[in-house]
Q: 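Input: one structure, supplied below.
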Amino acid sequence: MRKEKIIVTSALPYANGPIHLGHLAGAYLPADIFVRYKRLRGADIIYICGTDEHGVPITIEAEKKGISPKDIVDKYYKIHKESFEKFGIKFDNFSRTTLKIHYETSQDFFLKLYEKGFLKKKRTKQLYCPKCKRFLADRFVEGICPYCKKKGARGDQCENCGKWLEQTKILEPKCKICLTTPIIKETYHWYIPLGNFQEKIKNWILSKKGWRENVINFCLGWFNEGLEDRAVTRDLEWGVPVPLEEAKGKVLYVWFDAPIGYISSTKEWAIKNGTPDRWKEYWKNPDAKLYHFIGKDNIVFHAIFFPIMLMGYGEFNLPDNVIANEFLNLEGQKISTSRNFAVWLDDYLSKFPPDPLRYALTTILPETRDTDFSWKYFQERNNSELADILGNFINRTLSFVKVNYDGVVPLPGEFNENDREILDRIYTFLDNSGRMIENFEFRKAILEVMNIARLANKYFNDEQPWKTIKGNPERCRTTIYLCLEITRVLALAIYSFMPFSSGKILKMLNLDKWKDKLNWTEFLNEKLRGGHKLGEPFILFKKIEDKDIIPEIKKLEGVLDMSEKKEEKPEPELIDINEFMKVDLRVARVLKAERVPKTDKLLKMEVDDGKGKRQVIAGISEQYSPEDMVGKNIVIVANLKPATIRGIQSNGMLLAAVSDDDLSLITVEKDIPAGSRVR
RNA sequence: GGCGGUGUAGCUCAGUAGGCCAGAGCAGCGGAAUCAUAAUCCGCGUGUCCGGGGUUCGAAUCCCUGCACCGCUACCA
């Protein structure tokens, strides 16, 4: 049989921050399990990844820190690479998008699409910051919305009315970085007319079997909206230069060059191996399979944009499956990089071994929906499953051999019916597990693996070798031999999920020759022989104590507390009395009050400010009903510029004390005429 | 308020071409055993499948509606 040829990719991690648990569960761990398994089964498979090192966020980050983008990406490339290695994510190549080979590959891609006439050149007017000396990306422009005249409009969308904007239409635009007023400058970019490919790509996706529902649905959503032209170039310095004379100072947009990173990383791998053309065997060979493992935020790029690019180029294989995972939550909350609410891989690895996390995460991979990781859960999986069930079985077996057979595999007698049945069931679990991995059902697969250990414990118990060793030594030898065989099978079964522990079992069995050379069929065929001297047994999984995880839990709680406090206190600054006196605070009596329809909190009130009536809007109706308000003496800011909220004019602001989720009105203690000054 | 998601045993989650008396792991309870990291093995769940309607011979699974929670978003001038 010809070897299956497969190339697997995991989303390129962005090089502006370390890896956390969510990334692992989404893209790296499942892919690694899959690759390890297929390799066991003899597939010709390569696992490709690398860091994504372009894009605006990195340049911003660099500016903030006063260093170059290169410094940032160098730093994170190193961190990523090391963490992945320590965690056992075993890429065949871990490249980076700042390498020459990537520049060449991306430029070739662009040129090909250009020459085939797929790219549209369009002139546009864009905002340019003279101080920063660059064109401003949409989200770095802020100004006043031309439609609702409100502040806070960003380059792409008005925060207030939700309208989609062209950044050049914004009134009083400001560069978000330096607050300089940008000028409008004409520029031009190349676009991929995605719409032209819509029918083709849609039919292609619908023809796919075995794709996850979340991926299909997500794409259908995009098709409903209709695909539009998408710019593939940017006016930036940091990135892959557009390879055209007329495009000086322009680079490829990061989403264009990032997926090409899969290809350039494969090329780099081929060169490193001294077979520079071999990358084509995976990318341009119709018999080879291509699988992308990603998080759900990346679906559109891998299931729509990148395939369209590949289609446009021609010659390349399209992905056979895009395996997208949902998100992993942490202690019931969303992981947040910016708030530092996350478990960082490098940090984890400085305290715990990799396999327990690989195990715990695999049991809760967000395959069909968001799932939740907690330290308590992690501890429980480790202690009551890895240590108690799996580790304990191996330990009781090996200890028994050490004590009673001097660490030598006993010669078994004839297998009885039960022995044969047990073995049969063990192999069934093993096969099931494999089949499930092929279907990308990793959670089910690891459950099957644990079933092997569960059944093994039962067998040990039922056979009572500690008794038969006295009354029926042959039965005992057979039992123990079989337990050793199961231990050996376990080394194979857990390999894809927990490679480090697999290696340890092999070592204890003195089967080191298989280390990193496991092959499913051959390994299963080479049974243990009586008389084989085993290695020294040791504890496979140590228990994780409360004291080990409590600091981790505390740390996360601390992060939450911190971020709450931060929001509360935006650093009060001292002002003088004159400044305060500018604020005209007055007592006002509420005459009428009613809810503003279709809002959660807005209350419209008519108040008497001493001189007359005025209308005031306030967001208090979660705490106060209209009836509560009528007749109350409240305090308002009387000299505030009028504003329009939800189309209703508000002439003044009502004062209230605000805490996290409660709100208390400021009123006056005695009856005092409306219009009295508050100071 | 808008968009999207979720709501199944104490916990984490399975479970759609609608149909065996609704499941797994862990936790818990009772018992057995003592080789083993006080580990293991056996036994034990009448769960309003969020509520209410409807379609159907039959729905956790389809439709409508309500509620709750989560995320994004708007509003909280």
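The analysis underlying the following values was restricted to heavy atoms, covering all of them including side chains, and did not include hydrogens, waters or symmetry mates. Quick note on labels: first sequence line is chain A, next is B, and so on, each numbered from 1. As the structure is a prediction and not an experimental result, all values here were calculated from the model.
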Q: Among B:U34, B:A39, B:U37, find the nucleotide with the atom closest to the side chain of A:Asn392.
A: B:A39

Q: Side chain of A:Lys458, heavy atoms from C-beta onward: which of B:C41, B:A39, B:C13 has the nearest atom to it?
A: B:C41

Q: Parallel under 30°, tilted from 30 to 60°, perpendicular over 60°: which one fits the rings of A:Phe393 and A:Phe460?
A: perpendicular

Q: In terms of ring plane angle, is the pair A:Phe34 and A:Phe440 parallel, tilted or perpendicular, where the classes change at 30° and 60°?
A: tilted

Q: Whole-Å distance between B:C42 C1' and A:Asp462 CG?
A: 9 Å

Q: Looking at every heavy atom in both A:Pro465 and A:Cys476, which two are closest together, and how far apart are they?
A: O-SG, 3.5 Å

Q: What nucleic acid atoms does A:Lys543 come within less than 4.0 Å of, heavy atoms only: base, sugar-phosphate, or nothing?
A: base

Q: Can you identify which nucleotide, out of B:A14, B:G25, B:U37, has its nearest atom closest to the A:Lys444 side chain?
A: B:A14

Q: Measure from the side-chain heavy atoms of A:Asp388 and tell me the nearest of B:C26, B:C41, B:A39.
A: B:A39

Q: Under 3.5 Å for both donor-acceptor distances, Watson-Crick or wobble: does B:A38 have a partner, and if so which one?
A: none

Q: Between A:Lys542 (NZ) and B:A39 (P), how many Å, whole number?
A: 17 Å

Q: For B:A9 and B:A60, measure between their C1' atoms and round to the nearest Å.
A: 14 Å

Q: Is A:Lys504 positioned over the aromatic face of A:Phe538, cation under 6.0 angstrom from the ring centre and no more than 45 degrees off axis?
A: no

Q: Roughly how many Å is it from CD1 in A:Ile452 to P in B:U40, rounded to a whole number?
A: 18 Å

Q: Counting any heavy atom closer than 4.0 Å, what does A:Leu540 reach on the DNA or RNA strands: base, sugar-phosphate only, or nothing?
A: base

Q: Are the ring centres of A:Phe541 and A:Tyr359 closer than 6.0 Å?
A: no

Q: Could you tell me which nucleotide pairs with B:A60 by Watson-Crick or G-U wobble geometry, both distances under 3.5 Å, or answer none if nothing does?
A: none

Q: What is the separation between atom CE on A:Met508 and atom P on B:A36, rounded to the nearest whole Å?
A: 16 Å

Q: Which base sits across from B:G45 as a Watson-Crick or G-U pair, both distances under 3.5 Å?
A: none

Q: Between A:Leu455 and A:Lys470, which is nearer to the 5' end of RNA chain B once each is assigned its nearest nucleotide?
A: A:Lys470

Q: Using a cut-off of 4.0 Å on non-hydrogen atoms, how would the nucleic acid contact of A:Phe327 be classed: base, sugar-phosphate, or nothing?
A: nothing

Q: For A:Trp466 and B:C35, are the ring centres under 5.5 Å apart with planes inclined under 30°?
A: yes

Q: Is A:Lys376 touching bases, backbone alone, or none of the nucleic acid, heavy atoms closer than 4.0 Å?
A: nothing

Q: Report the base-pairing partner of B:C3 (Watson-Crick or G-U wobble, both distances below 3.5 angstrom), or none.
A: B:G71

Q: Taking protein heavy atoms under 4.0 Å as touching, what does nucleotides 2-12 of chain B look like 5' to 3' if B marks base contact, S marks sugar-phosphate-only contact and - marks none?
A: ----SSB---S

Q: Check the angle between the aromatic planes of A:Phe352 and A:Phe378 and answer parallel, tilted or perpendicular using the 30° and 60° thresholds.
A: perpendicular

Q: I need the CG-P distance between A:Asn382 and B:U37, as an integer number of Å.
A: 16 Å

Q: Should the pair A:Arg358 and A:Phe497 be classed as cation-pi, given the thresholds of under 6.0 Å to the six-membered ring centre and 45° from the axis?
A: no

Q: Using the P atom on both, measure B:C70 against B:U12 and round to a whole Å.
A: 15 Å

Q: Provide the Watson-Crick or G-U wobble partner of B:A24, both distances under 3.5 Å; none if there is no partner.
A: B:U12

Q: Any idea which of B:U34, B:A14, B:A24 is nearest the A:Lys467 side chain?
A: B:U34

Q: Angle between ring planes, A:Trp375 versus A:Phe373, binned at 30° and 60°: parallel, tilted or perpendicular?
A: perpendicular

Q: In this structure, how many angstroms lie between the P atom of B:C13 and the CG atom of A:Asn325, rounded?
A: 14 Å

Q: Would you name the heavy atoms of A:Tyr377 and A:Ala360 that are closest together and state the gap between them?
A: CE2-O, 4.0 Å

Q: The side chain of A:Arg396 lies closest to which of these nucleotides: B:U40, B:U37, B:C26?
A: B:U40

